[in-house]
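Not measured: the values here are computed from a predicted model. Whatever order the structure lists ligands and atoms in, that order sets their numbers, starting from 1. One is the number of the first residue; the rest follow in order along the sequence.
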Amino acid sequence: MMVRFSVSMFALAGALCAVPSVAGAQAAVAATPTPAGKPTVAQADAFVAEAERVMAAASIDASRVAWVNATYITDDTDALAAKSGAEMTDLGVKYALGAARYASLPGLSFDTKRKLDLLRGGLTLPAPTRPGASEELSTLTTKMSSSYGKGMGTLDGKPINGSDIEAAMGSVRDPAKLTEMWTSWNDKVGAPMRGDYAKMTAISNEGARELGYKDVGSLWRSGYDMTPEQFAALTDKIWKEVEPLYMALHTYTRWKLNEKYGDAVQAKTGPIRSDLLGNMWAQEWGNIYDIVAPKGAGDVGYDTGDLLKAKGYDPLKMVKQGEGFYSSLGFAPLPETFWKRSQITKPADRDVICHASAWDLDNQDDIRIKMCTKVNADDFVTIHHELGHNYYQRAYKAQPFLYKNGANDGFHEAIGDTVALSITPDYLVKIGLLDAAKVPSADKDIGLLLRQAMDKVAFLPFGLLIDKWRWGVFSGQIPATGYQAAWDQLRLQYQGIKPPVARDETKFDAGAKYHIPAAVPYTRYFLARVLQFQFYKAACDQSGWKGPLHRCSFYDDKAVGTKLNAMLSMGQSKPWPDALQVFTGSRQMSGAALVAYFAPLKAWLDVQNKGKPTGW
Ligand code: X8Z
Ligand code: ZN
């Protein structure tokens, strides 16, 4: 379980990665004895070639097992997934340990050295080699992930499933009902996982140490072509670039929530109550745009979800529309099998993991998405996001197995979002969703930017703190007795939010966020949030756009598509700055493009916020 190689590290950790007749694969490992004496360059080359061959083969069956488990959760598919995950982890650990033997050999070729490093750091949750450890670890992670998939909260005292409660948090405006949904979800989904999470942490840390890492967090921070310390410093630096924008948005949003709900629900000062922000995790706030929209003239005048509903879109049509954007850039249509095998809506008759993901089952053309799509604005963006993963996977399919991945995991998360930034009013007219007469005039720019900021800017501290919490848990700085307090503290420190009801150490709210039980590293989404603006700005510059950045859509621009494909098809074959340079000309990840995009909004917010309390 939790192999980071290949296709899948970005979507459902572990679910996508795996190995075919794993028994056969392991036999192959065992059959290749470690050569005696001093290792040679030729042996290192042969070792890498074997690892790629065996793991590529092994990944296919394991991906199928993971797919069946995620789209049909039963005790049986859990058992199969746990077994397959353990076998895959064993395989990954063997190759990671083998790679360490060759990694510092002088005279290695660039590719052999890079692949050895990828092998060494490829596992998301490594198991130690002692007997039974990988089975125990895999059973724990499968159990937590499936529990999340089956999770239910309540609304009006009645059970409500994960995808419905997520949508309801966006539309319900009654504070008591919001608190009921928030509390029931966190209590029923998160809290029961607390003990298993601590066990998982201990076992995987043991595995990371065997591989020579300080802990799992350090292993995760090692995947960015720089040291773990440099990477942590880079994320803090980017946060400092965007923090003033977040603070301005927080100040303004708190004021508007106070106007709507009154002091008893939301005070004028202090943190924002986290169930009021239109999202179960308060990670994106776009669903309460109606509450914060500028009065009268500045408002946008349309909601994408309403437009989709008015034009009779169903989930399939939404996906086809998403495909249409990529086709307009010159990408080949999705294969027949995509339409046949994807899970686009929630099956009525069984438990599934509804959290959206993208898959590549055969490392070639068997690409799919798994969603429980609803006809709303969030899912329209998510469709573009998931398809971005699929087009990336297909673009690098000719690369050797170990290079079939994003330049870094933030790139993989950013591609579809970059495309979704092009869903401008003019684009909506082009595809027949918006009447030309309803295109918001230039005086509505602030509304358009504010709508975007509620999703994009609001997310930034959340994107950063999830792994600040996990890095602390893995390093031991956050002990198992303080999981909840540390979670609440980070949510307060970075987001300026507080839970609607008192929490204590019987709770485990972190476990009520998908990526924690599913063990998907999260800093990738923080990186993606700034990278998507770098990519988008580069695409708009390439297309010759001269207007305000947020009005640019690079729909139908084949030259942009060709250049994008040049970056995507590199996969992970070069350090990420090389890939970034191919598309943007720059070698730095930075918040500058995001800050530039929102500059007019920042100026406007500063005027609105004059004299209002800021911070918490
Ligand atoms: O998990 C996702 C994608 C799948 S990779 C739907 N996202 C993060 C989340 O939902 O928490 C996209 C945005 C952030
Ligand atoms: Zn994603």
Side-chain angles (χ1 to χ4, degrees), residues 4 7-17 70 124 145 148-149 162-163 165-167 169-170 185 189 277-287 318-319 322 342-344 352-360 367-374 376-393 405-406 408-421 452 454-467 469-470 491 495 509-533 535 568:
R4 200 160 73 183
V7 284
S8 329
M9 48 184 290
F10 46 87
L12 274 190
L16 302 192
C17 16
T124 301
S145 174
Y148 185 93
S163 63
I165 206 170
E166 195 174 332
M169 286 299 289
W185 181 257
V189 177
L277 289 161
N279 177 280
M280 179 60 81
W281 306 276
Q283 66 182 66
E284 283 166 336
W285 307 346
N287 288 328
M318 289 163 70
V319 182
S342 286
Q343 177 198 292
I344 291 174
V352 301
I353 294 180
C354 273
H355 189 88
S357 54
W359 298 61
D360 175 0
I367 46 181
R368 315 176 188 176
I369 59 170
K370 180 183 65 55
M371 289 184 61
C372 297
T373 312
K374 294 191 183 298
N376 61 33
D378 275 356
D379 277 359
F380 197 48
V381 171
T382 301
I383 284 167
H384 291 78
H385 174 97
E386 298 308 334
L387 291 181
H389 286 310
N390 280 156
Y391 285 99
Y392 206 159
Q393 290 164 324
N405 217 331
N408 69 38
D409 53 9
F411 280 59
H412 229 303
E413 297 303 337
I415 301 308
D417 286 8
T418 303
V419 165
L421 286 174
Q452 280 288 25
M454 293 294 281
D455 279 341
K456 301 296 180 183
V457 176
F459 181 81
L460 290 160
F462 183 81
L464 188 67
L465 76 83
I466 298 286
D467 281 353
W469 182 82
R470 273 191 294 206
R491 298 266 271 169
Q495 287 184 281
D509 295 350
K513 171 65 192 165
Y514 169 74
H515 302 70
I516 302 284
V520 181
Y522 210 83
T523 311
R524 59 186 61 181
Y525 302 106
F526 175 74
L527 300 178
R529 215 39 65 132
V530 296
L531 272 172
Q532 63 190 257
F533 286 90
F535 293 150
L568 301 187

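With distances taken over non-hydrogen atoms, the option nearest atom 6 (C) of ligand 1 out of Glu386, Glu284, Glu413 is Glu386.
For the residue pair Gln393 / Asp360, no side-chain donor-acceptor distance below 3.5 Å is found, with atom types taken as modelled.
A salt bridge links Arg529 and Glu284; the closest N-O separation between the charged side-chain nitrogens and carboxylate oxygens is under 4.0 Å.
Distances from the Zn ion (ligand 2) to the N/O/S atoms of Glu413 are shortest for OE1.
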Stepwise, does the side chain to side chain contact (heavy atoms under 4.5 Å, CB included) test hold for Trp281 with Glu166?
-> CA-CA 9 Å; Trp281 306 276; Glu166 195 174 332; 3.8 Å; yes
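Side-chain contact between His515 and His355 is present, with at least one heavy-atom pair separated by less than 4.5 Å.
Below 3.5 Å of separation, one finds an N or O of His355 facing an N or O of ligand 1. At least one N or O atom of Gln283 sits closer than 3.5 Å to an N or O atom of ligand 1.
The aromatic rings of Phe411 and Phe535 lie perpendicular to each other, with more than 60° between the two planes, well past the 30° mark.
Counting heavy atoms under 4.0 Å from ligand 1, residue Tyr522 touches it through the side chain alone.
Atom numbering of ligand 1 starts at 1 in the shown order; those under 4.0 Å from a heavy atom of His385 are 3 (C), 4 (C), 5 (S), 12 (C). For ligand 1, the atoms lying closer than 4.0 Å to a non-hydrogen atom of His389 are 5 (S). For ligand 1, the atoms closer than 4.0 angstrom to any heavy atom of Ala356 are 4 (C), 6 (C). Near Lys513, meaning under 4.0 Å from one of its heavy atoms, ligand 1 places the atoms 9 (C), 10 (O), 11 (O).
Residues satisfying the side-chain hydrogen bond (donor to acceptor under 3.5 Å, both in side chains) test with Thr382, not counting sequence neighbours, are none. For Gln495, the side chain to side chain contact (heavy atoms under 4.5 Å, CB included) partners two or more places apart in sequence, or in a different chain, are Tyr246, Ala282, Pro461, Phe462, Leu465, Arg491, Ile497.
Using a 4.0 angstrom heavy-atom cutoff, Arg529 counts as in contact with ligand 1.
Applying the side-chain contact (heavy atoms from CB on, under 4.5 Å) test between Asp467 and each of Tyr525, Tyr522, Phe526 identifies Tyr522 as the sole match.
Backbone or side-chain N, O or S atoms of His412 do not reach the Zn ion (ligand 2) at under 2.8 Å.
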